[in-house]
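Only one structure is covered here, and it is reproduced in the block below.
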Amino acid sequence: MPELPEVETIARGVNVRVRGDRILEAWFGSHREPFKTSPVRQAKHLVERQIQSVHRIGKHIVMELGPQGRGSAAGEPEKNTASIAAQWIVHLGMTGRLLVTTPDTPVAKHTHARLTLESGQELRFVDPRRFGRLEFRDLNRDKKFTGPGAEPLTIAAADFAELFRTRKLAIKAALLNQTLLAGVGNIYADESLFRAGIRPRKRAGRLTKLELEELRKALRQILEHAIRLGGSSVSDYVDAEGAPGFFQLEHCVYQRTGEPCRKCGNPIRRIVVAGRSTHYCSQCQR
DNA sequence: CATTTCACCTGGTGGC
DNA sequence: TGCCACCAGGTGAAAT
């Protein structure tokens, strides 16, 4: 489901609601996937920590946590709120949702985790297909999470070009590789290639300097625009409050097979690249 | 090492 | 209504 704009939207929404809150209880409903860290370890280490902030790295939602402990006496404000001692890292896979709810909200099918917060809210992770992953890192022991690849919103032109210079695979496949750029998925790979006028099957290493710079700018502009519209709701994506996004209304090629190109009117084609549905205009993309 | 393919899951849709 | 094939925003292991 979620790519960079959707994950960014969710992370912002969750951050606004839970920043400064404390985790009182942690419940995990399954002992199979989706756990990168065992649910027992996660539950044990998540409780009695303050949530310092929630933000996005690539397609991951990272919750920065303070040290474990009961905190100060009642009424006392928490000290040392700047110290990050641990991280809870959420990957939503294809169908994952991270929702902030009230305790009385009915628990959806496929709810795998529930965190009870001091404010009375609950943070819930729901994921029917179980492609999502939950991970806990103790920063006294584990390495800080920095994401698999570069951030598409801030990468410099020269660094962007260097990522693809020596690659023989299709540019579409390269865009989906999270160890190169982190956060681009099937929708935004197709949309950015359309905007830059580049064929998805063109070999990454054969793009000219100019094409690479067009692609970097197209990608950044599309991602920023999609974030402003709250992401793309193709079938069931919703943000932290359960609200949909609206960027799907502005898709030029993604899931528009056979429909007329918004620029030239030619029917949009569907092919398979890197095992994924790929949509493009044979007229506008060379 | 770089690249490709496929398994991992559940659920929705459309054809017959 | 039922059955079946196919499709879906994503990885990551195994094969090539």
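Just so we're on the same page: letters track the sequence lines, and every chain starts at 1.
- Of the candidates A/Q121, A/R124, A/E122, A/T101 forms a side-chain hydrogen bond (donor to acceptor under 3.5 Å, both in side chains) with just one, namely A/R124.
- Residue-level contact check: A/G185 touches the backbone only, with heavy atoms under 4.0 Å from sugar-phosphate atoms and none from bases.
- One interatomic measurement links the two molecules: CZ of A/R201 to C1' of B/dT3, which rounds to 15 Å at whole-angstrom precision.
- Stacking of A/K217 on the aromatic ring of A/F160 is not recorded, the 6.0 Å distance cut-off and the 45° axial limit not both being met.
- More than 12 non-hydrogen atoms from other residues, nucleotides or ligands lie less than 6.0 angstrom from CZ of A/R262.
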Quick test: give all pairs of protein nitrogen or oxygen and nucleotides 14-16 of chain C nitrogen or oxygen below 3.5 Å, distance rounded to 0.1 Å.
none

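- The base of B/dC9 sits with one of its N or O atoms less than 3.5 Å from a complementary donor or acceptor on the side chain of A/R129.
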TODO: Would you sort out whether A/L4 and A/L153 count as a side chain to side chain contact (heavy atoms under 4.5 Å, CB included), showing the intermediate values?
DONE: CA-CA 10 Å; A/L4 187 152; A/L153 291 177; 4.2 Å; yes
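- Distances shorter than 4.0 Å separate none of the side-chain N or O atoms of A/H110 from OP1 or OP2 on B/dC9.
- Of all the residues in residues 141-150 of chain A, not one reaches under 4.0 Å from DNA chain C with any non-hydrogen atom.
- The phosphate of C/dG10 (OP1 or OP2) has no side-chain N or O of A/H91 nearer than 4.0 angstrom.
- In DNA chain C, stems built from 3 or more consecutive Watson-Crick or G-U wobble pairs, each with both distances under 3.5 Å, span B:2-8 with C:10-16, B:10-16 with C:2-8.
- The side chain of A/R270 sits closest to C/dA8 out of B/dT4, C/dA8, C/dG9.
- The aromatic rings of A/H112 and A/H110 lie tilted to each other, with the angle between the two planes from 30° to 60°.
- Distances shorter than 4.0 Å separate none of the side-chain N or O atoms of A/T95 from OP1 or OP2 on C/dG10.
- Taking the side chain as every heavy atom from C-beta outward, A/L46 and A/F28 approach each other to under 4.5 Å.
- Between the C1' atom of C/dG10 and the CD1 atom of A/I10 lies a distance of 14 Å, rounded to the nearest Å.
- Nearest nucleotide to the A/P128 side chain, out of B/dG11, B/dT4, C/dG9: B/dG11.
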Task: side-chain hydrogen bond (donor to acceptor under 3.5 Å, both in side chains) assessment of A/S119 paired with A/D21 - done: CA-CA 6 Å; A/S119 63; A/D21 216 333; 2.4 Å; yes
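- Taking atom P on both C/dC6 and B/dC6, the two are 14 Å apart, rounded to the nearest angstrom.
- Separation of the P atoms belonging to C/dC7 and B/dT5 is 16 Å when rounded to the nearest angstrom.
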TODO: Please report the C-alpha distance between A/M63 and A/V90 in whole Å, then the side-chain angles of each, then the deciding distance to 0.1 Å, and finally whether the side chain to side chain contact (heavy atoms under 4.5 Å, CB included) criterion is met.
DONE: CA-CA 8 Å; A/M63 181 180 286; A/V90 178; over 6 Å; no
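- Here the side chains of A/H251 and A/S232 are in contact, with some heavy-atom distance below 4.5 Å.
- For the pair A/Y188/A/F247, a side-chain contact is recorded, criterion being any heavy-atom separation below 4.5 Å from C-beta on.
- If you check residues 154-169 of chain A against DNA chain B, the residues with a heavy atom closer than 4.0 Å are A/R167, A/K168, A/L169, listed by number.
- In this structure, A/F35 atom CZ and B/dC9 atom C1' are separated by 15 Å, rounded to whole Å.
- Between A/N177 atom CG and C/dA13 atom P there is a gap of 14 Å when expressed in whole angstrom units.
- Pairs passing the salt bridge (charged side-chain N to carboxylate O under 4.0 Å, His left out) check and including a residue from residues 154-169 of chain A, sequence neighbours excluded, read A/E162-A/R165.
- Looking at A/I227 and A/R12, their side chains come closer than 4.5 Å, going by heavy atoms from C-beta outward.
- C/dA5 and B/dA7 are spaced 16 Å apart, taking the P atom of each and rounding to whole Å.
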Task: Candidate pair A/R201 and A/K172, rule side chain to side chain contact (heavy atoms under 4.5 Å, CB included), full reasoning - done: CA-CA 7 Å; A/R201 280 213 177 103; A/K172 160 85 185 245; over 6 Å; no
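- Nucleotides B/dG11 and C/dG12 are separated by 23 Å at their P atoms, to the nearest Å.
- Residues from residues 254-262 of chain A with heavy atoms under 4.0 angstrom of DNA chain C, sorted by number: A/Y254, A/Q255.
- Using a 4.0 Å cut-off, some side-chain N or O of A/K109 falls inside it from OP1 or OP2 of B/dG11.
- Here A/K59 does not reach the OP1 or OP2 of C/dG9: none of its side-chain N or O atoms lies under 4.0 Å away.
- For A/R276, a side-chain nitrogen or oxygen approaches OP1 or OP2 of C/dG9 to under 4.0 Å.
- In this structure, the aromatic ring of A/F131 is not positioned over the six-membered ring of the base of C/dT11 within 5.5 Å between centres and 30° between planes.
- Between A/R137 and A/E135 a salt bridge is recorded (basic side-chain N to carboxylate O distance below 4.0 Å).
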